[in-house]
Engineer: 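My questions all concern the structure below.
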There are 2 protein chains.
Amino acid sequence: MRRMTARPANAHQARLLKLLRDGGPNSRAQLGDQVDLSRSKLAVEVDRLLETGLVVADGLAASRGGRRSHNIRLAPNLRFLGVDIGATSVDVAVTNAELEVLGHLNQPMDVREGPVAVFEQVLAMAAKLRATGLAEGFDGAGIGVPGPVRFPEGVPVAPPIMPGWDGFPVREALSQELGCPVMVDNDVNLMAMGEQHAGVARSVGDFLCIKIGTGIGCGIVVGGEVHRGTTGSAGDIGHIQAVPDGRPCACGNRGCLEAHFSGAALARDALEAAQQGLSAELASRLETNGGLTAVDVAAAAAAGDATSLDLIREGGTRTGQVIAGLVSFFNPGLVVIGGGVTGLGHTLLAAIRTQVYRQSLPLATGNLPIVLGELGPNAGVIGAARLISDHLFSPA
Amino acid sequence: MRRMTARPANAHQARLLKLLRDGGPNSRAQLGDQVDLSRSKLAVEVDRLLETGLVVADGLAASRGGRRSHNIRLAPNLRFLGVDIGATSVDVAVTNAELEVLGHLNQPMDVREGPVAVFEQVLAMAAKLRATGLAEGFDGAGIGVPGPVRFPEGVPVAPPIMPGWDGFPVREALSQELGCPVMVDNDVNLMAMGEQHAGVARSVGDFLCIKIGTGIGCGIVVGGEVHRGTTGSAGDIGHIQAVPDGRPCACGNRGCLEAHFSGAALARDALEAAQQGLSAELASRLETNGGLTAVDVAAAAAAGDATSLDLIREGGTRTGQVIAGLVSFFNPGLVVIGGGVTGLGHTLLAAIRTQVYRQSLPLATGNLPIVLGELGPNAGVIGAARLISDHLFSPA
DNA sequence: CAATCTTTCTCCACTCACAGGACAAAGGCG
DNA sequence: CGCCTTTGTCCTGTGAGTGGAGAAAGATTG
C-alpha cells in the first residue's frame with residue numbers, strides 16, 4: 001500500500017509535527033502557546049497539515065471553562081520501523097508517530113554473516129510484526145549498524161567488526177525492500193538519540209552516551225545534535241589506549257580499552273578465571289552452559305562471586321579512566337552508561353564513577369551526573385525511529 | 001568619543017556585514033551573488049546599512065565591460081581591540097573591521113598578579129596603541145584568559161593557574177573602562193577562532209586546536225562553532241592522564257599531560273638535565289641566562305643538542321598519545337598545533353604525528369592533517385577580534 | 001561617431017507571509 | 001438568563017521580498 005507521501009512544506013509545519021510527536025495530542029491553542037505564531041497563521045498551517053493527512057483532528061477535549069478544543073494529533077496510522085543491528089543480535093521494533101514502541105522483537109544473529117543474510121532476517125522480523133496487525137506498512141525506517149557510517153549516503157565505511165559491510169548501500173537497499181524512506185546511523189548514535197528523546201538525557205544539550213556491548217562506543221551530542229565526525233567515526237573510543245603496553249587488540253595495537261573491557265573481553269576473562277579454578281561460581285556456569293558470556297558474569301556477581309565482582313570493578317576502572325579523559329576534554333552535562341552490559345549494573349557504575357570523579361577536573365565533574373541508561377534495549381530502536389522521524393518531519 | 005552605536009537590524013544585514021568582513025570590499029552585485037536575495041531587496045538592506053554608518057560606499061571599481069560598480073566596504077574607522085592574556089605575557093592588538101592587525105604589542109606579565117594589576121597594564125597598552133593614531137577609540141574588544149570562562153557572563157570560573165580571577169567580572173569591568181562592548185573567552189578557544197578565521201583552519205568545520213604554552217589546552221570547533229562545554233571547561237586536556245602513576249601534578253593527581261609536557265615542564269626538565277651535566281649546551285645557556293625556558297630548549301635543539309631533542313621528542317610522544325585518543329573520539333578534519341612552543345617546530349610535530357598516526361583508528365587518521373598554526377602570536381588577538389565582531393555583527 | 005552590448009543599479013507593481021483585531025461558537029457559572 | 005471564559009475563524013492592513021522594466025554608465029564595433 002501507498003503510505004505517507006507528504007512532508008511538511010515549511011519550517012512551521014515541521015515545528016508543529018515535532019511538537020505533536022514529542023508532546024502528544026494538543027489543541028490549536030496549546031500549540032499556539034509553544035510556537036510563537038499568531039492564531040490565524042497557526043490555523044492556516046494546521047489546516048494545511050490536516051489536508052496532507054499527516055495530522056488528524058479527532059474528538060473534542062474536555063472544556064476548561066470555555067469552548068471545548070479539538071484534539072490535533074499525528075495521524076494514528078503512521079508507523080516507523082526501528083532496527084538496531086548489534087554484533088550478536090538484532091532488535092526490530094514498530095512505533096507510532098509519537099515514537100511509542102508498539103511491538104519489539106529481538107533475535108540472536110551474527111553481523112559477520114554479511115548484509116544480505118542480516119537483512120533477510122530483519123525483513124522477516126518486520127513482516128512478522130506487521131502480521132500481528134500493528135502496522136499495515138511502514139512510513140519510514142531507521143537503522144543502526146555497529147560501525148562507522150558515512151551518514152549522508154547511509155553507507156557503512158571500514159567497519160572493523162563487520163567485514164562484508166564496507167560500502168554496502170544499506171540505505172538504498174533497505175529503502176527498496178521496504179518501500180519507504182530509510183536513514184542509517186551508527187548504533188551508538190541511535191542509542192544516544194533514544195535516551196535523548198525518551199530517556200535520561202531529555203533536556204540535556206551536551207552529553208556522552210557510552211555503550212558497552214560486544215565492543216565499546218560513545219555517542220556524542222553537542223547542542224542537541226549528534227556529532228558524527230569528519231568520516232563518521234566519532235565516538236569510536238574502544239581503541240583508545242587504556243593500558244600502556246597492555247593486552248594486544250584485534251586492531252593491531254596494545255592496551256586498547258576494548259581489549260581490556262567489553263562484553264567480549266569480559267567473557268574471555270571469565271572463561272580464563274573459570275579454567276584456572278579461581279571461581280567456583282563461574283566454573284559451574286561454564287559446565288552448565290558450555291560457555292560464558294557477560295550475562296554469566298553479571299549473574300555470578302549478583303550471587304556474590306568475588307572474582308566476577310573484581311572483573312567488573314577492574315573493567316569499570318579502566319572504562320572510567322578513559323571516560324575521565326573524555327569528560328575533561330568535552331565537559332558534558334551528563335554521562336549515560338548503557339548497552340548490553342547494563343546488567344552489570346551498579347557495581348560497574350560505582351567503579352566508573354569513582355574513577356571519573358577522582359581523575360577529571362573538579363570544574364567538569366562538579367555537577368556531572370553519571371547514570372545508567374533508562375531505556376535498555378529500547379534505546380536503539382527508539383533512536384532509530386527518532387532518526388527517521390526527524391528526517392521526515394523536516395521540510396523536503 | 002562615541003563610537004559604533006548601530007547593530008544590524010536583521011539576519012540579512014548581519015550576513016552582509018560578515019561577508020564584507022571576511023571577503024573585503026565588494027560591489028552590490030558581488031554581494032548579491034553570495035547572498036540569495038533579489039537585487040532590489042539587497043539594495044534596500046545595503047542602503048539601510050549605509051544609513052547606520054556601519055558600511056560606506058567609496059569610489060568606483062574598474063569597469064568589467066559595463067557600468068562601474070560602487071565599492072561597498074565596512075566603515076574604515078571601525079576598530080576592534082584584541083587582548084590575549086597568557087600565563088606569563090599579554091598580547092594586545094588593534095584591528096580594523098576586516099580583522100587585519102594594524103598594531104600589536106606584547107609584554108611579559110604574570111597573571112597571578114590578579115585582574116586589577118593585569119588590566120591596568122592592558123589598558124596602558126591599549127592607550128599606547130591608540131596614541132600612535134591607529135585608533136580614535138574602540139568599537140569593541142575581545143579578551144582571552146588562560147582558564148575556563150562562564151561564557152555568557154564573561155566571568156572566569158575556578159581558574160587553576162590564575163587565583164584571584166575566580167568570579168571577577170572581566171567583561172563588565174573592561175567594558176566600563178573601555179566604554180565599548182566586550183566579550184570574554186578562554187585563550188585557547190580564541191586561538192582556534194583565529195586559525196579558523198585567517199589561518200590554517202579556514203573552511204574546516206570540525207577541528208581541534210592544541211595550544212601548548214605554559215600549560216596545554218585544546219580548542220574544539222564543531223560545525224564551525226566553538227564548543228565550550230557545560231561549565232566552560234571543555235578542552236582542558238592538560239590534566240588528562242598521560243602516564244599512569246606518572247609525575248605528581250599541581251592538580252593533585254599523577255601523570256597529567258601537563259606535568260609531563262608543557263612550557264613549564266619542559267623548562268623544569270631542561271634545568272634538571274643541565275644540572276645533572278647531561279647537556280653542555282643547556283648548561284651554558286643556564287649560566288648565561290640564569291635560568292632556562294622552553295625557548296632555550298628550542299634553541300639548543302636547533303643547535304643539535306641531543307638531550308633537548310630527546311626532551312622534545314618525548315614530550316611530543318606524550319602529547320601525541322593524548323591527541324590520539326581525542327582524534328579517535330572526536331574524529332576531527334584537522335588538528336592544529338600552536339602556542340608558545342611552536343618554536344619547537346617540526347621535531348615536536350613529527351613526534352606528535354608519529355604517535356597519532358600509530359595509535360588512532362585508520363579511518364579517523366586516514367585523511368587527517370596535523371599541522372602547525374599559521375598565525376603564531378597573532379592567532380589569539382585575531383580570534384579575540386573575531387569574537388567581538390561576531391557579536392557586534394549579529395542582530396541585537 | 002552613432003549603434004549596440006554589458007554590467008550595475010534603481011524603481012515599481014505584485015505576491016505572500018503574518019499579525020492583530022473583530023467576531024462567532026461553545027461552554028461554565030452565578 | 002445574562003455574563004464571563006476559552007477556542008476557533010474571518011478579514012484587513014502591513015511589511016518583506018520577488019521579478020521585471022528601465023535608466024545609468026561604460027566597452028565594443030562597424
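Reminder, nothing fancy here: chain letters follow the sequence lines and each chain counts from 1. Every value quoted in this text rests on a predicted model; they were computed, and no experiment measured them.
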Engineer: Report the C-alpha distance between B:E374 and B:R202 in whole Å, list the side-chain angles of each, state the deciding distance to 0.1 Å, and finish with yes or no for salt bridge (Lys or Arg N to Asp or Glu O under 4.0 Å).
Structural biologist: CA-CA 11 Å; B:E374 201 172 273; B:R202 275 177 301 243; 3.6 Å; yes
Engineer: Is there a donor-acceptor contact under 3.5 Å from the side chain of B:Q30 to the main chain of B:S27?
Structural biologist: yes
Engineer: Do side-chain atoms of A:N96 reach the backbone of A:E100 as a donor and acceptor pair under 3.5 angstrom?
Structural biologist: yes
Engineer: What range of DNA chain C does chain A touch, first nucleotide to last, counting atoms under 4.0 Å from its heavy atoms?
Structural biologist: C:dA17 to C:dG28
Engineer: Considering residues at least two apart in sequence or located in another chain, which fulfil the side-chain contact (heavy atoms from CB on, under 4.5 Å) criterion with A:A43?
Structural biologist: none
Engineer: Look at the side chain of A:T230 and the backbone N and O of B:N331, then say whether any donor-acceptor pair between them is shorter than 3.5 Å.
Structural biologist: yes
Engineer: Using heavy atoms and a sub-4.0 Å distance, could you list which residues of residues 18-31 of chain A are near DNA chain C? By number, please.
Structural biologist: none
Engineer: Write out a two-atom table: protein N or O, nucleotide N or O from nucleotides 17-23 of chain D, distance below 3.5 Å.
Structural biologist:
from, atom 1, to, atom 2, distance (Å)
D:dG17, OP1, B:H12, NE2, 3.0
D:dG17, OP2, B:K41, NZ, 2.7
D:dT18, OP2, B:S38, N, 3.0
D:dT18, OP2, B:S38, OG, 2.9
D:dG19, N7, B:S40, OG, 3.4
D:dG19, O6, B:S40, OG, 2.6

Engineer: Check whether any side-chain heavy atom of B:P76 lies under 4.5 Å from a side-chain heavy atom of B:V56, and answer yes or no.
Structural biologist: yes
Engineer: Could you check whether A:R79 makes a cation-pi contact with A:F138, meaning its NZ or CZ is under 6.0 Å from the centre of the six-membered ring and within 45° of the ring axis?
Structural biologist: no
Engineer: Listed by chain and number, what are the ring-ring contact (aromatic ring centres under 6.0 Å, His included) partners of B:F330, not counting sequence neighbours?
Structural biologist: A:H227
Engineer: Sequence neighbours left out, what passes side-chain contact (heavy atoms from CB on, under 4.5 Å) with B:P169? Give chain and number order.
Structural biologist: B:E172
Engineer: Answer yes or no: is there a donor N or O on one side and an acceptor on the other, between the side chain of B:E195 and the main chain of B:L375, under 3.5 Å?
Structural biologist: yes
Engineer: For B:D47 and D:dA16, give me the distance from atom CG to atom P, rounded to whole Å.
Structural biologist: 14 Å
